[in-house]
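Here is the structure we will look at, set down as structure tokens.
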Amino acid sequence: MPELPEVETIVRGLAKRVTGDVIETVWLGQKKEPLKSSAVEIAEALEQSRIVSVHRMGKHIVFDLDRAGRASEVRANKKSSKTRLSSNSRKASPSGQEVNARAQWIVHLGMTGRLQVCEAQEEAAKHTHAILKLASGRELRFVDPRRFGRLSVATAGFDAAGIEPLEIDRDRFTALFRGRKTPIKSALLNQKLLRGVGNIYADESLFRAGVRPRRRASTITYAELEKLHVALKEILKEAIALGGSSVSDYVNADGEAGFFQLQHRVYGREGEPCLVCKTPIKRVVIAGRSSHFCPKCQK
DNA sequence: ATACCGACCTGTCAGC
DNA sequence: TGCTGACAGGTCGGTA
């Protein structure tokens, strides 16, 4: 479901609502697919931790956690905890294992994942795989019908592969595609090159740049890559400004739909006239993904 | 090393 | 009404 603009929108909503809150307890469902780390590891890292910040890396949602505020620790020795943490970031957990004082909860939403902030009495949606009880009395729930989403924990050094498309400069962008025989569409979707671009925004940026999705990356001219670099950034920023694209069921952290789907020029418009030249939009399959383009506007 | 392709899941919708 | 097949915002591992 979500690509960079949708994840960014969700993260902004979550940051507003849960930053500073403390995770009291964690419930995890029985299905194993959504868990990349073990249930014990996740519960251990999250319970009694404070959510310091929420941010995005590519399509990953990263919750920065601070375990220093754990109730038992505070009770044990309020004064010395600060000193101890600054001189040594590692400390013993209640189970006796060494764990990092700072940890991260990493959420990837896959195709259909959602994170909801709910009142505790609200009935859990079908396909709820995780429930975090917060000190504020609310709950943070992970819901994912297709179970392509993934939950994991990391020590505070999580770094997704690839470069942020909104931060990459022109030279590094053009260098990404040099010598690659793969179709430009596949290269845009490759998260090890750029992180966060998915099917919609790959198609839309290729349309704006006037480049056909099947072109081999290595055959794209420098001028075309410059256009693509600008087009991709523009489109991602415009989509974020409109709260992302709601194609079927995407909603942000507040349960609201985005509006960028109204700006789509090619995605989901097979057979409809190009908004520039009226030529019917074509759909082909590249690397197993639907790919939409205007045969006249895109070379 | 690189690049396709199916697999992983459930839900929805079009067509018969 | 109900069945079947195609398709869906993503990523992985196996194979060629």
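Predicted, not measured: the structure shown is a model, and the values here were computed from it. Each chain gets a letter, A, B and so on, in the order its sequence line appears, and its residues count up from 1.
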When you compare the protein's N or O atoms with those of nucleotides 10-13 of chain B, which come within less than 3.5 Å of each other, and at what distance?
residue, atom, partner, partner atom, Å
B:dT10, OP1, A:R147, NH2, 2.4
B:dT10, O4', A:P145, O, 3.4
B:dT10, O3', A:H127, NE2, 3.2
B:dG11, OP1, A:K126, NZ, 3.2
B:dG11, OP1, A:H127, NE2, 2.6

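Side-chain N/O atoms of A:S136 and A:R138 include a donor and acceptor closer than 3.5 Å. When only modelled atom types and interatomic distance are considered, A:H292 and A:D203 share a side-chain donor-acceptor pair under 3.5 Å.
Considering only side-chain atoms of A:Y267, the nucleotide from B:dC9, C:dG10, C:dA8 that sits closest is C:dA8. When each of C:dG9, C:dT11, C:dA8 is scored by its nearest atom to the side-chain atoms of A:R283, the top-ranked nucleotide is C:dA8. Between C:dT11, C:dA8, B:dC8, one nucleotide has an atom nearer to the side chain of A:Q191 than all others, and that is C:dT11. Closest to the A:K59 side chain, of the nucleotides C:dG10, C:dG9, B:dC4, is C:dG10. Out of B:dA3, C:dC7, C:dT11, the shortest distance to the side chain of A:T182 is found at B:dA3. For A:E33, the side-chain atoms get nearest to B:dC9 when compared with the rest of B:dC9, C:dG9, C:dA8.
The distance from atom CD of A:E270 to atom C1' of C:dA6 is 12 Å, rounded to the nearest whole Å. What separates NE2 of A:H292 from C1' of C:dA8 is a distance of 11 Å, to the nearest Å. Between the CG atom of A:N199 and the P atom of C:dA8 there is a distance of 8 Å, given to the nearest Å. Rounded to an integer number of Å, the gap from A:R289 CZ to B:dA7 C1' is 14 Å. The interatomic distance linking A:K32 (NZ) with B:dC8 (P) rounds to 10 Å, in whole Å. With rounding to whole Å, A:D144 atom CG is found 12 Å from B:dC8 atom C1'. The distance from atom CZ of A:F148 to atom C1' of B:dG6 is 12 Å, rounded to the nearest whole Å. Per the geometry, CE belonging to A:M111 stands 10 Å off C1' belonging to C:dT11, to the nearest Å.
Within 4.0 Å of A:P34, counting heavy atoms only, lies no atom of the nucleic acid at all. A:S186 comes within 4.0 angstrom of nothing in the nucleic acid, heavy atoms only. A:G288 comes within 4.0 angstrom of no nucleic acid atom, judged by non-hydrogen atoms across all strands.
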Checklist entry - So what is the 5' to 3' dot-bracket string for DNA chain C, if pairs are Watson-Crick or G-U wobble with both distances under 3.5 Å, crossing pairs use [ ] and | means the partner sits on another strand? => result .|||||||.|||||||

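Under the 4.5 Å side-chain contact rule for hydrophobic residues, A:V197 and A:I220 share a cluster.
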Which side-chain N or O atoms in residues 120-128 of chain A pair as donor and acceptor under 3.5 Å with protein atoms at least two apart or in another chain?
residue, atom, partner, partner atom, Å
A:E122, OE2, A:E119, N, 3.0
A:T128, OG1, A:A125, N, 3.4
A:T128, OG1, A:A125, O, 2.5

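Listed pair A:T112 / C:dA8 fails the phosphate criterion, with no side-chain N or O lying under 4.0 Å from OP1 or OP2. Note on A:K192: every side-chain N or O is 4.0 Å or more away from OP1 and OP2 of C:dT11.
A:Y201 and A:H264 have perpendicular rings, their planes meeting at more than 60° on a 0 to 90° scale where under 30° would count as parallel. Below 30°, between 30° and 60°, or above 60°: for A:F173 and A:H229 the angle between ring planes is between 30° and 60°, a tilted geometry. The aromatic rings of A:H108 and A:H60 stand perpendicular to each other, their planes meeting at an angle above 60°, with 30° marking the opposite boundary.
Results of the salt bridge (Lys or Arg N to Asp or Glu O under 4.0 Å) test with A:R56 over A:E6, A:E167, A:E164 single out A:E164 as the only residue that passes.
Across B:dA3 and C:dG9, the matching C1' atoms stand 23 Å from one another, rounded to whole Å. The gap from the C1' atom of B:dG11 to that of C:dC12 amounts to 22 Å, rounded to the nearest Å.
The ring of A:F260 has its center no closer than 6.0 angstrom to the ring center of A:Y267.
The side-chain heavy atoms of A:L228 and A:E224, taken from C-beta on, include no pair separated by under 4.5 Å.
Taking 4.0 Å as the cut-off between side-chain N and carboxylate O, A:E8 and A:K237 do not count as a salt-bridged pair.
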